[in-house]
Amino acid sequence: MSKELIFGHQSPDTDAIVAAKALSYLDNKLGMDTEAVALGEPNEETKFVLDYFDEPALRVITKAAPEVSEVMLVDHNEPQQSVSDIADVTVTHVVDHHRIAGFETTQPLFYRAEPLGCCSTVIYKLFKESNVEIPAKLAGLMLSAIISDTLLLKSPTTTPTDVAVVKDLANIAKIDYEAYGLDMLKAGTNLASKSEKELIDADAKSFELNGSTVRVAQINTVDLTEVLDRQAALEAAAKAENAAEGYDLFLMLATNILDSNSELIIAGAPTEPVEKAFGKKIENNRLSLPGVVSRKKQVVPPLTDAFNA
């Protein structure tokens, strides 16, 4: 059996890193030969998590085919979010919690996707189904991923399953998940030391919407003014990436993790579907989105509908 690489999406967040680690641990326990890798460096939040649990960062790759012929995907399935040479390898497994878009294979594969708040929640279920014990450190990492994706269980993507899994993992890891979770989320909101390019690249995904390439970045903060004061510079950075990478539209969702409100900064075109998606007029290249915190559930679906209308 040849080795397979397991990785999450580009611009990896905590779940993309942890899900790869967790699935690799499980698969290796089940007799497979896998290595968890990443498609980018960890962000500040993920660094906090890895440091807290004294866990090494994953090796970063830009291509998979020079190393392996088969790969497993976690926390994504859309090709534009994956490794650059995804077309040159065979995908044998996908474990995800997002929509399925633009994904097809020539060979049968294992595909597990559930509408849960976090990919690590799906992987927790795989552990239970396989009767494999989750070690305390890995439980802490998986707990962190769920906290990250659900904004400490406040996001509308949170399900009762996520809540139950968080409590079980917290018990295994012996962690006060509420206190730890707030510290973890705050660790990811240290924005002053980052350039505008770093802010828009840290957590960004591309989506093909009816012929337009839309890049959606999320910037978490505890003070929206800290982001909005840099709006002009953020727009300039986004326009530069549009030109360099071929994006048509770059959306930057600045989210206050304390009160669950967001501001959307827009760079590029078309903008009409954005207004249609949220039922508001763009002013100063910005939309106020109170109560919006989830790119997956509250931003991409209405955008998709608006672009396809």
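These numbers come from the heavy atoms of this one structure, side chains and all, not from hydrogens, waters or symmetry mates. If you read the sequence from its start, that first residue is 1, and numbering goes on from there. Note that this is a predicted model, so its numbers are computed, not measured.
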Same hydrophobic cluster for V49 and L23, using side-chain heavy-atom links shorter than 4.5 Å among ILVMFWY? yes
So E67 and R59, salt bridge (Lys or Arg N to Asp or Glu O under 4.0 Å) or not? Walk me through it. CA-CA 13 Å; E67 299 186 47; R59 180 169 66 92; 2.8 Å; yes
Let me check something: do L228 and F250 share a hydrophobic cluster, defined by ILVMFWY side-chain heavy atoms less than 4.5 Å apart, either directly or through other members? yes
So, do D203 and S11 sit near enough that their side-chain heavy atoms are less than 4.5 Å apart? no
Step-by-step side-chain contact (heavy atoms from CB on, under 4.5 Å) determination, E70 to T90: CA-CA 5 Å; E70 297 180 331; T90 298; 4.1 Å; yes
Does the side chain of Q80 come within less than 4.5 Å of R215's, by heavy atoms? no
Any chance the side chains of S24 and E35 put a donor and an acceptor closer than 3.5 Å? no
Mind listing the closest non-hydrogen atom pair of Q81 and L39 along with its distance? O-CD1, 4.3 Å
Residue pair I219 / L191, side-chain heavy-atom distance below 4.5 Å: yes
Salt bridge or not for E55 and K21, using N-O below 4.0 Å? yes
Taking all atoms of both residues into account, what is the closest heavy-atom pair of S212 and P270, and its distance? OG-CD, 3.9 Å
Of the options I172, V165, V166, which is the one that meets D168 in a side chain to side chain contact (heavy atoms under 4.5 Å, CB included)? I172
Quick check: do L289 and F278 have side-chain heavy atoms less than 4.5 Å from each other? yes
Under a 4.0 Å N-O cut-off, is there an ion pair linking E114 with K125? yes
Could you check whether any side-chain heavy atom of S206 comes within less than 4.5 Å of a side-chain heavy atom of V214, counting everything from C-beta outward? no
Relative to the ring of H76, is the ring of H9 parallel (under 30°), tilted (30 to 60°) or perpendicular (over 60°)? perpendicular
